Amino acid sequence: MAATYLLVIIGFLLVVFGIVYFKSKQAKEEPVENILAKLSQEEQTLYKMALKPENVPNTFIYALSTCHHCKRTREFLDSHKIPYTLIYIDTYPKQLYKILLEKLKVYNPRGSYPTIRLANGQIITGFREQALREALLK
């Protein structure tokens, strides 16, 4: 019986410490404006474009800097001289990365890369050469 009470007390203390720990982590998050101010002007501009890609006059690509499919997409677009804007969201600080990932998921709920938003609003996910050809090389 005493062991049961001891386990309940230990469990309660773990929950309390967990809540305190996560609250303290949240309180330490820096405001987005401060994080943005530390970025270069180009990074700030790309970040703002990524939040509203519908305002970008050409193809907009959400990519990862280490993604092979993202690289092949860039090579395809470059070889066909198709203008595009690309953001490597994994190069942004964690707090901004999370915001960018949520925006990407509006267009691609799976959150896979690359996520390509064409100027006409069409979304292509992954490097799908045939889909890119049909959409961009008319």
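This chain uses plain numbering: 1 for the first residue, then up along the sequence. No experiment lies behind these values; they were computed from the predicted model shown.
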Evaluate side-chain contact (heavy atoms from CB on, under 4.5 Å) for Ile116 paired with Ile123, printing each intermediate quantity in order.
-> CA-CA 6 Å; Ile116 306 157; Ile123 303 298; over 6 Å; no
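- Annotation for Leu104 and Gly111: closest pair CD2-CA, 3.3 Å, computed over non-hydrogen atoms.
- Taking both residues in full, the closest heavy atoms of Tyr107 and Pro53 are given as OH-CG, 3.4 Å, listed atom of the first, atom of the second, then distance.
- Comment: Lys48 does not engage Glu43 in a salt bridge, judged by the lack of any side-chain N to carboxylate O separation of less than 4.0 angstrom.
- Tyr113 places no side-chain N or O within donor-acceptor distance of the main-chain N or O of Gly126, the cut-off being under 3.5 Å.
- The salt bridge (charged side-chain N to carboxylate O under 4.0 Å, His left out) contacts involving residues 96-121 comprise nothing, where partners must be two or more places apart or lie in separate chains.
- Taking Glu129 as the reference, Arg133 meet the side-chain hydrogen bond (donor to acceptor under 3.5 Å, both in side chains) condition, with sequence neighbours excluded.
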Please assess Ile99 against Leu51 for the test side-chain contact (heavy atoms from CB on, under 4.5 Å), listing each intermediate value before the final yes or no.
-> CA-CA 9 Å; Ile99 294 168; Leu51 295 180; 3.8 Å; yes
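- With values rounded to the nearest 0.5 angstrom, Leu136 atom CG is found 4.5 Å from Ile82 atom CD1.
- Rounding to the nearest 0.5 Å places OG1 of Thr91 at 8.5 Å from CG of Leu46.
- In this structure, the side-chain contact (heavy atoms from CB on, under 4.5 Å) partners of Lys52, at least two apart in sequence or on a different chain, are Glu54, Asn55.
- A pairwise comparison of heavy atoms in Ala63 and Leu86 identifies CB-CD1, 4.0 Å as the closest pair.
- Side-chain contact between Ile87 and Met49 is absent, with no heavy-atom pair separated by less than 4.5 Å.
- Atom OH of Tyr47 and atom CG of Leu39 lie 9.5 Å apart (nearest 0.5 Å).
- Looking at heavy atoms from C-beta onward, Ile61 lies out of side-chain contact with Thr85 at the 4.5 angstrom threshold.
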How far apart are the C-alpha atoms of Glu30 and Lys38, what are their side-chain angles, what is the distance that settles it, and do they pass the salt bridge (Lys or Arg N to Asp or Glu O under 4.0 Å) test?
-> CA-CA 12 Å; Glu30 193 173 358; Lys38 296 175 185 176; 2.9 Å; yes
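- Rounding to the nearest 0.5 Å places OH of Tyr92 at 14.5 Å from CG of Leu101.
- Under the side-chain hydrogen bond (donor to acceptor under 3.5 Å, both in side chains) criterion, Ser112 pairs with Asn108, not counting sequence neighbours.
- When all heavy atoms of Ala135 and Gln122 are compared, the pair lying nearest together is CB-OE1, 3.6 Å.
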Output side-chain donor-acceptor pairs under 3.5 Å for residues 66-77, partner residues at least two apart or in another chain, one line each.
{"residue": "Thr73", "atom": "OG1", "partner": "His69", "partner atom": "O", "Å": "2.9"}
{"residue": "Arg74", "atom": "NE", "partner": "Tyr84", "partner atom": "OH", "Å": "3.4"}
{"residue": "Arg74", "atom": "NH1", "partner": "Tyr88", "partner atom": "OH", "Å": "3.0"}

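- Atom OG1 of Thr115 sits about 8.5 Å away from atom CD1 of Ile89, to the nearest 0.5 Å.
- When the side-chain contact (heavy atoms from CB on, under 4.5 Å) test is applied to Gln95, the partners found at least two apart in sequence or on another chain are Glu29, Val32, Ile35.
- Leu64 and Phe127 are members of different hydrophobic clusters when ILVMFWY side chains are connected at heavy-atom separations under 4.5 Å.
- The heavy-atom pair separating Asn58 from Pro83 by the smallest distance is CB-O, 3.7 Å.
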